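Here the structure is laid out as structure tokens; the discussion comes afterwards.
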Amino acid sequence: MSDRVRTYDTDVLIIGGGLAGCWAAISARRAGVRAIVAEKGYCGTSGVAASAGPGHWFVPPEARLREEAIARRMAGAQGLGDARWMERIIDQTYRTLPDIGTHYHYTPDDSGAIRRHALRGPEYLRALREKALAAGAILLDHSPALQLLARRDGRVSGARGVSRQGAGDEWLVRAGAVVLATGGCAFRSHLLGGSNNTGDGLLMAVEAGAALSGMEFSSFFTVAPANTPLSRAMIFSFARYYDTQGREIAKPAAPNDHSAIAVALQGGPVLCDLSATPEIVRRQLPQISPNVTLTFRRLGIDPFTQRFPISLLGEGTIRGVGGVRVTGEDAGTGVPGLYVAGDVASREPVTGPVTGGGAVNAAWALASGCIAAEAAARSALENPLAQRSILEPLGDAGLSTRRDRTNSSTTRSAFATTLSTGPTRLDVSASSEVEIVLREEMLSPTRQYFRSADTLAAASTRLSAAWGALRDATPPSAEPRERQRFRELAAMTATARWCVASAAARTGSLGMHRRTDSSTNGSDVPAYVISGGADAVWTRRQAAGTVS
Amino acid sequence: MITSLDIERCTACNQCVATCPRDVFEKTEHIPTIARPQDCQTCFLCELYCTADALFVHPEAEPAMAARLTPSDITPLLGEYRRESGWDEWSENPRYANQHWRMEDVFRLARDG
């Protein structure tokens, strides 16, 4: 620990200042407790919602409407959904979201009505920042968390991390309870707004003793103009796609299934044709999604008259589903003092094995943020942190604080051997090699769409070697950004291992998880795949509808 | 990827340093620098917060294509995202009103025709 540490005391520490973290901060202040948000980037621009346009699952409190909405999602959830959680997030979102009207400027629709559930990302997150500040939350921008802290009895009671800007190299927050709102993990796929989403909260939660669920539901890809991050779905709803021979690619049987495009991309560029877009939509587009029109303008493409190449961007667990397993109605994790909100949590209870991208995930982020913060506030009041309480860090993968590093050079060479099946990469550093492994294993659409025991075993071997090399290696320097970058690599690698192990454990296909070596779901009883373990990754099946 | 910072327009307000979620910019004694372009996630949000319209982000995540652009390509495009989003001085202009609420109607049109 350096001498330049800024220390704070609070009741609730929220790690991550996106959609879920901001609502958590607002809720904690409403509950009457002190709240600090530690955000890796800037609260207001960071996270995947900030550059998107989140709708929210928003159903008026009429019994029939809500029952129908929940029944539809329960059917899609294929046995993994929980109607009570669906009801709770619908109700919480309907009651809470209109509060943003104090800081978000709504434009009435053509009938003069305000559609409270539809918010444009940059304006929404800017409003959430202002609302959190107005509520009295303290925001620490450019303050990535590296480690959770716990009391002697194991209760999570804070975190520490590095400061990328301003005074001091490090920060440390002592708190009564902690809410993780760090988002999902997209493995640096260039997904719009997703580069900060490196699975940090998943790793911190597992290091604290929490379990994950649904990590096999991480095989989701979104179409974007080639080499751009523009993963905005709306305009592509009018798209037709053509392979390198000029043949139209068949429309997928299920929405969001781009596996046919993934196969076609292996043969060469795939071209997108948006000429079926109605004239009125073309005119409206700049005022709906200005970042879509500006992207095409700057590429020099008229998307409505010219075909253009596309690529598939990996969403990992973002439009995937998996994350920290919520163990109770309080959005707790089973670890005292630790709560989860938003995409860092498994969204299986509200969406099952299919994506909750868009409306459901946004409602989940808002509602779980409020629920987790209220529970954390109660927990903090019931378990106040004494001034003299000593806090110990939990977990240190990639942080070069490990006592046993005698084997690191051996692990490194083992890693080089494992990778030498591909092109020789002896001239690149270990961390670049890990990035390559992550990209090849987690961001290849065909690898993720078509999983089998063999492909998963091969991925597991490479990722285990990557983890072994990384977790004991020393970051290139003690500079705060370097330490953050190394920790992020460890978190992405750990996340990839849980995804692969869970995909291996679910031997049948279900939802977005597709096994080429099995056509059934492998079990008559709907079950979750629970996972965890940082060094020794484990999985177990658990029948749905049972507790812990 | 972040491509350019117009030194004529920049007022050294350092909003880009503060608001970039990827910490790409660095404050200096004068105007900020694009210190870590490789960390840019191409989210365009710095352009929204730059009231001087000094920043330009090319939509490609890698710098290859942007490198071919000249100042005369870029200058006419400066500030367009902030304007079309209806931020700041553009907020009262109905031409740039936020019609994000139409998105669900467009999805419905695509699905049902």
Side-chain angles (χ1 to χ4, degrees), chain A residues 39-42 44-47 50-51 53 55 105-109 114-115 117-123 126 141-142 164-165 190-196 225-230 233-235 237-238 255 277-278 280-281 284-291 293-299 481, chain B residues 1 3 14-15 17-27 36 39-49 56-62 64-66 69 73-74 76-77 80-87 91 94-111 113:
Chain A
E39 161 55 42
K40 182 188 283 185
Y42 176 80
T45 58
S46 202
S51 37
H105 179 70
Y106 281 104
T107 315
D109 71 11
I114 300 291
R115 301 195 196 181
H117 57 288
L119 298 98
R120 196 153 72 196
E123 292 80 6
R126 180 179 63 173
D141 295 310
H142 298 290
R164 302 196 301 197
Q165 297 182 2
H190 292 315
L191 176 74
L192 188 62
S195 291
N196 281 345
N227 307 318
T228 78
L230 195 79
M234 185 190 83
I235 197 63
S237 57
F238 298 100
T277 309
I280 185 154
V281 174
Q284 292 168 343
L285 185 60
Q287 281 180 269
I288 303 174
S289 304
N291 59 359
T293 41
L294 84 81
T295 291
F296 287 113
R297 195 179 306 135
R298 292 178 188 188
L299 289 171
R481 291 185 182 93
Chain B
M1 183 183 274
T3 304
N14 288 306
Q15 269 292 295
V17 180
T19 58
C20 169
R22 296 285 297 152
D23 188 30
V24 161
F25 303 93
E26 187 85 36
K27 200 172 170 174
R36 288 168 290 276
D39 287 344
C40 174
Q41 65 174 359
T42 317
C43 65
F44 305 108
L45 292 174
C46 57
E47 292 190 25
L48 283 181
Y49 283 87
F56 182 79
V57 177
H58 192 271
E60 289 199 329
E62 304 292 338
M65 188 169 168
L69 295 177
D73 296 324
I74 290 171
L77 303 174
E80 62 174 353
Y81 188 31
R82 204 173 62 83
R83 180 179 69 244
E84 293 184 2
S85 296
W87 281 40
S91 63
R95 191 175 162 195
Y96 305 118
N98 177 351
Q99 295 189 348
H100 179 77
W101 54 266
R102 288 195 193 279
M103 186 176 278
E104 62 187 338
D105 299 348
V106 174
F107 271 115
R108 199 174 298 122
L109 182 65
R111 193 176 62 236

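Each chain gets a letter, A, B and so on, in the order the sequences are listed, and its residues count up from 1. Note: hydrogens, waters and symmetry copies are ignored here, and every other heavy atom, side chains too, is used. Computed from a prediction, not measured in an experiment: that's the story for all the values here.
- Residue contact with chain B, scored on non-hydrogen atoms closer than 4.5 Å, involves the backbone and the side chain of A:Leu299 alike.
- If you measure heavy-atom distances from A:Thr293 to chain B, the contacts under 4.5 Å come from the side chain alone.
- Using a 4.5 Å cut-off between heavy atoms, B:Arg111 does not touch chain A at all.
- Side-chain N/O atoms of A:His117 and B:Glu104 include a donor and acceptor closer than 3.5 Å.
- By number of non-hydrogen pairs under 4.5 angstrom with chain B, the leading residue of A:Ala50, A:Gly53, A:Gly121, A:Ala226 is A:Gly53.
- Put simply, the side chain of B:Tyr49 reaches to within 4.5 Å of the side chain of B:Trp87, judged on heavy atoms.
- For the set A:Gly47, A:Gly41, A:Pro290, A:Gly44, the entry with the most heavy-atom pairs within less than 4.5 Å of chain B is A:Pro290.
- Contacts of A:Ser289 with chain B are made by side-chain atoms alone, with heavy-atom separations under 4.5 Å and no backbone atom involved.
- Between B:Glu60 and A:Arg298 there is no salt bridge, since no side-chain N of the basic residue sits under 4.0 Å from a carboxylate O of the acidic one.
- Of the listed residues A:Val281, A:Leu230, A:Asn196, A:Ile280, the one with more heavy-atom pairs under 4.5 angstrom with chain B than any other is A:Asn196.
- For chain B, no part of A:Glu39 is nearby; none of its heavy atoms comes within less than 4.5 Å.
- If you measure heavy-atom distances from B:Pro76 to chain A, you find no contacts under 4.5 Å at all.
- Interface remark: B:Leu77 contributes backbone and side-chain atoms alike to the contact with chain A (heavy atom separation under 4.5 Å).
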Legend entry - Verdict with reasoning, A:Ile235 to A:Thr277, per side chain to side chain contact (heavy atoms under 4.5 Å, CB included): CA-CA 8 Å; A:Ile235 197 63; A:Thr277 309; 4.0 Å; yes
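- For the 3.5 Å distance criterion, the side chains of A:Gln165 and A:Asp141 fail to qualify, holding no donor opposite an acceptor.
- Highest contact tally toward chain A, considering only B:Ser85, B:Gly86, B:Ser91, B:Cys43, is held by B:Ser85 [criterion: heavy-atom pairs under 4.5 Å].
- Of the atoms belonging to A:Leu119, it is backbone heavy atoms, and not side-chain ones, that fall under 4.5 Å from chain B.
- Among A:His105, A:Lys40, A:His190, A:Met234, the residue making the largest number of heavy-atom pairs under 4.5 Å with chain B is A:Met234.
- No side-chain donor-acceptor contact under 3.5 Å links A:Asn291 to the backbone of B:Phe44.
- For B:Cys20, the part lying near chain A is the backbone, with the side chain staying farther off; criterion is any non-hydrogen pair under 4.5 Å.
- Per-residue heavy-atom pair counts under 4.5 Å with chain A were compared for B:Asn98, B:Thr42, B:Leu69, and the maximum is reached by B:Asn98.
- Ring-plane geometry between A:His142 and A:Tyr42 is classed as tilted, the angle between the planes lying from 30 to 60 degrees on a 0 to 90 degree scale.
- When the candidates A:Leu192, A:Leu191, A:Thr107 are compared by the number of heavy-atom contacts under 4.5 Å with chain B, A:Thr107 comes out ahead.
- Only the backbone of B:Tyr96 comes within contact range of chain A, judged by heavy atoms closer than 4.5 Å.
- For the set A:Ser51, A:Ala118, A:Gly193, the count of heavy-atom pairs under 4.5 angstrom toward chain B peaks at A:Gly193.
- Within the 4.5 angstrom heavy-atom criterion, atoms from both the backbone and the side chain of A:Ala233 approach chain B.
- Only the backbone of A:Pro108 comes within contact range of chain B, with heavy atoms under 4.5 Å apart.
- The contact between A:Arg126 and chain B is made by backbone and side chain atoms together, counting heavy-atom distances below 4.5 Å.
- Of the listed residues (B:Met1, B:Glu62, B:His58, B:Glu47), the one with the most heavy-atom contacts under 4.5 Å to chain A is B:Glu47.
- Here A:Arg115 pairs with B:Asp105 in a salt bridge; the nearest charged N to carboxylate O distance falls below 4.0 Å.
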